[in-house]
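Index from 1, following the sequence. It should be emphasised that the depicted structure is a prediction, and the values quoted were computed from it without experimental measurement.
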Amino acid sequence: MATRRSRRTPGTLRGHFAVLDPATGEAFDEAPDQRPDELDAVVDRAHEAGRSWRADPVARTTALRAAADAVEGAAADLAPLLTREQGKPLAESYAEIARTAARLRYFADLDPAPQPLTDGRPVRSEIRWRPLGTVAAIVPWNFPLQLASAKFAPALAAGNTVVLKPSPFTPLATRLLGSVVSTALPDDVLTIVTGHEPLGARLASHPGIRHVTFTGSIPTGRAVARGAAASLARTTLELGGNDAAVLLEDVDVERIADRLFWAAFRNCGQVCMAVKRVYAPARLYSDVVEALAQRAKTAVVGAGLDPGTQMGPVNNAPQLARVERYTAQALADGARAVAGGHRLDRPGYFHAPTILADVPPNSPVVTAEQFGPVLPVLPYGSLDEAVHAANDTGFGLGGSVWGTDLDRAEAVADRLECGTAWINHHAELSLAQPFAGIKESGVGVAGGPWGFYGNLRPFVVHRLEEPS
């Protein structure tokens with residue numbers, strides 16, 4: 001893989017595109033704008049590299065552990081670059097890099113052991129596992145390194161090769177990550193390609209790709225699935241979320257307010273499984289709104305490289321426009337901005353942390369995915385009403401229940417229609433657990449052994465034990 005260009009004020013060079021700093025809105029570097037017709041050679045080289053890569057599982061384990069060490073060693077270079085192009089606070093960038101290294105180590109140690117089958121017949125049957133081939137990974141801009149590793153770590157550990165395309169909003173740190181990881185890997189086992197559409201569409205539909213794994217919006221996920229269907233490639237789609245937090249009557253508002261606020265506003269609300277709607281019992285509604293508004297008003301918003309920053313900018317201009325549009329529509333529908341409600345008057349893509357009260361339940365900020373620093377809080381009369389409202393959506397990624405009686409809270413969580421439910425916290429995942437959405441929030445499973453085996457196919461060998 002070509003190494004990343006040194007950072008400078010871009011010109012921009014022919015065949016490159018500018019990368020913007022969301023804290024200023026100005027270009028600070030550039031990345032290659034690769035053509036779709038270049039993918040044929042890239043995929044061919046990945047296919048050839050797979051012949052030896054899949055043949056030696058011991059060497060794979062050693063290489064992936066070395067890659068994890070290399071990522072940790074490069075953290076001081078990766079973290080500032082990630083913050084510069086994505087916007088998140090520097091501490092969160094370091095945490096993302098640590099998670100990337102941990103994921104490489106986790107999957108390096110998974111072993112697809114043969115599984116014997118018995119059914120009483122004189123036949124010895126065994127399931128063995130084979131890699132799929134070359135995997136296409138398409139990654140969004142909110143957690144570019146963490147989501148990249150969530151795709152390439154299990155795929156590589158299973159013996160596949162990977163061609164990875166990051167978002168054109170965040171290509172630089174991913175290119176650098178690819179260079180760092182590739183110091184421990186054979187040539188062409190992991191390749192990073194960057195550029196604008198139709199590069200991603202061509203990658204998803206390329207006949208040499210056997211598995212397409214994508215994280216992003218529902219409309220783009222549908223397009224990816226259509227493209228992959230042309231060659232009948234396997235698909236894993238991690239799509240949008242509109243996670244609800246249901247607060248019970250016995251909730252201690254002050255005790256949970258910090259956790260609830262940051263479950264919604266971490267990474268400036270740009271988290272697929274962030275809390276995006278809060279349902280509070282009518283008796284506590286004002287207290288909940290006020291507690292969240294207080295935290296929104298005092299959160300320190302600024303450039304991610306500033307040490308005191310708690311919340312950075314929205315990553316890009318189109319996403320900021322979406323946040324502004326949803327907020328304006330909610331206010332026009334009769335909602336109140338108890339905190340924020342507007343873009344900040346400064347360079348860059350900053351929006352004030354916003355708490356909305358009295359929001360009509362059919363307002364787009366409630367029914368769609370705002371993916372930004374805006375949180376609607378809605379009252380409910382009965383618990384059945386709250387559960388129905390939480391489930392009354394085409395999304396089904398995650399949800400949470402907050403209360404003092406943990407058994408009751410767990411019983412309510414069991415009624416939520418989503419892939420993961422949390423009690424008294426939200427959006428925390430273990431490397432060993434499956435992560436999957438239902439409804440329009442996803443197809444397939446990522447994470448843990450489930451994500452690992454999603455990159456393998458079963459190969460069954462039958463041996464007749466009777467003499468011929």
Side-chain angles (χ1 to χ4, degrees), residues 1-39 42-43 46 71 74-75 77-88 92-93 96-97 100 135-152 162-183 188 190-204 212-217 220 224 267 270 304-305 312-319 348-349:
M1 189 196 87
T3 57
R4 187 182 56 82
R5 294 176 53 82
S6 60
R7 295 192 290 279
R8 62 175 183 80
T9 302
T12 296
L13 290 179
R14 181 180 176 86
H16 288 70
F17 62 92
V19 180
L20 307 187
D21 181 341
T24 65
E26 297 179 352
F28 74 99
D29 203 349
E30 56 196 22
D33 198 2
Q34 292 173 263
R35 302 187 312 272
D37 60 13
E38 296 179 63
L39 289 175
V42 169
V43 174
V71 170
D77 293 324
L78 283 164
L81 182 57
L82 175 58
T83 288
R84 190 81 187 275
E85 67 177 352
Q86 201 283 332
K88 66 184 61 181
E92 293 184 22
S93 289
E96 184 167 341
I97 292 158
T100 297
V135 175
I138 303 174
V139 183
W141 44 259
N142 57 332
F143 290 94
L145 304 190
Q146 187 168 312
L147 290 173
S149 67
K151 298 180 184 308
F152 70 65
V162 177
V163 179
L164 186 146
K165 180 195 173 296
S167 164
F169 291 114
T170 52
L172 301 177
T174 308
R175 280 174 54 79
L176 181 55
L177 175 67
S179 295
V180 169
V181 169
S182 291
T183 62
D188 300 315
L190 173 64
T191 307
I192 313 298
V193 295
T194 59
H196 292 92
E197 286 305 314
L199 185 67
R202 172 59 178 158
L203 180 59
V212 182
T213 172
F214 166 82
T215 299
S217 70
T220 306
V224 166
N267 197 24
Q270 300 165 129
L305 292 176
V314 175
N315 174 257
N316 56 77
Q319 185 58 33
Y349 307 133

What is the minimum heavy-atom distance between [X] and [Y], and which atoms define it?
X: Leu164; Y: Ala148; result: CD1-CB, 3.6 Å
X: Ala173; Y: Leu78; result: O-CD2, 3.7 Å
X: Pro198; Y: Pro36; result: CG-CG, 3.8 Å
X: Leu203; Y: Ala137; result: CD2-O, 4.5 Å
X: Asp33; Y: Gly195; result: OD1-CA, 3.3 Å
X: Phe214; Y: Ser217; result: CE2-O, 3.7 Å

Calculate, to the nearest 0.5 Å, the distance between atoms [atom1] and [atom2] belonging to [X] and [Y] respectively.
X: Leu147; Y: Phe152; atom1: CG; atom2: CZ; answer: 11.0 Å
X: Arg35; Y: His196; atom1: CZ; atom2: NE2; answer: 16.0 Å
X: Leu199; Y: Asp37; atom1: CG; atom2: CG; answer: 10.0 Å

Output all residues satisfying side-chain hydrogen bond (donor to acceptor under 3.5 Å, both in side chains) with [X], sequence neighbours left out; order by chain, then residue number.
X: Ser167; result: none
X: Thr194; result: none
X: Asp21; result: Arg84
X: Glu96; result: Lys88

task: Using side-chain contact (heavy atoms from CB on, under 4.5 Å) as the criterion, point out the one residue from Ile97, Leu177, Val180, Leu176 that pairs with Asp77.
output: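 The passing option is Leu176.
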message: By the definition side-chain contact (heavy atoms from CB on, under 4.5 Å), identify the one residue from Val193, Ile192, Thr170 that meets it with Arg175.
response: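 That would be Ile192.
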Is any side-chain heavy atom of [Y] closer than 4.5 Å to one of [X]?
X: Leu145; Y: Phe143; answer: no
X: Glu85; Y: Phe28; answer: yes
X: Glu92; Y: Asn267; answer: yes
X: Gln319; Y: Phe169; answer: no

Qualifying residues under side chain to side chain contact (heavy atoms under 4.5 Å, CB included), relative to [X], sequence neighbours excluded:
X: Glu197; answer: Lys165, Ala201
X: Thr183; answer: Ala70
X: Ala204; answer: Ile138, Val212, Val224
X: Ala150; answer: Arg103

message: Could you work out, with salt bridge (Lys or Arg N to Asp or Glu O under 4.0 Å) as the rule, every residue matching Glu26, not counting sequence neighbours?
response: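 None.
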task: May I ask you to decide if Asn315's main-chain N or O and Gln270's side chain share a donor-acceptor pair within less than 3.5 Å?
output: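 Yes, because the side chain of Gln270 sits within donor-acceptor range (under 3.5 Å) of the backbone of Asn315.
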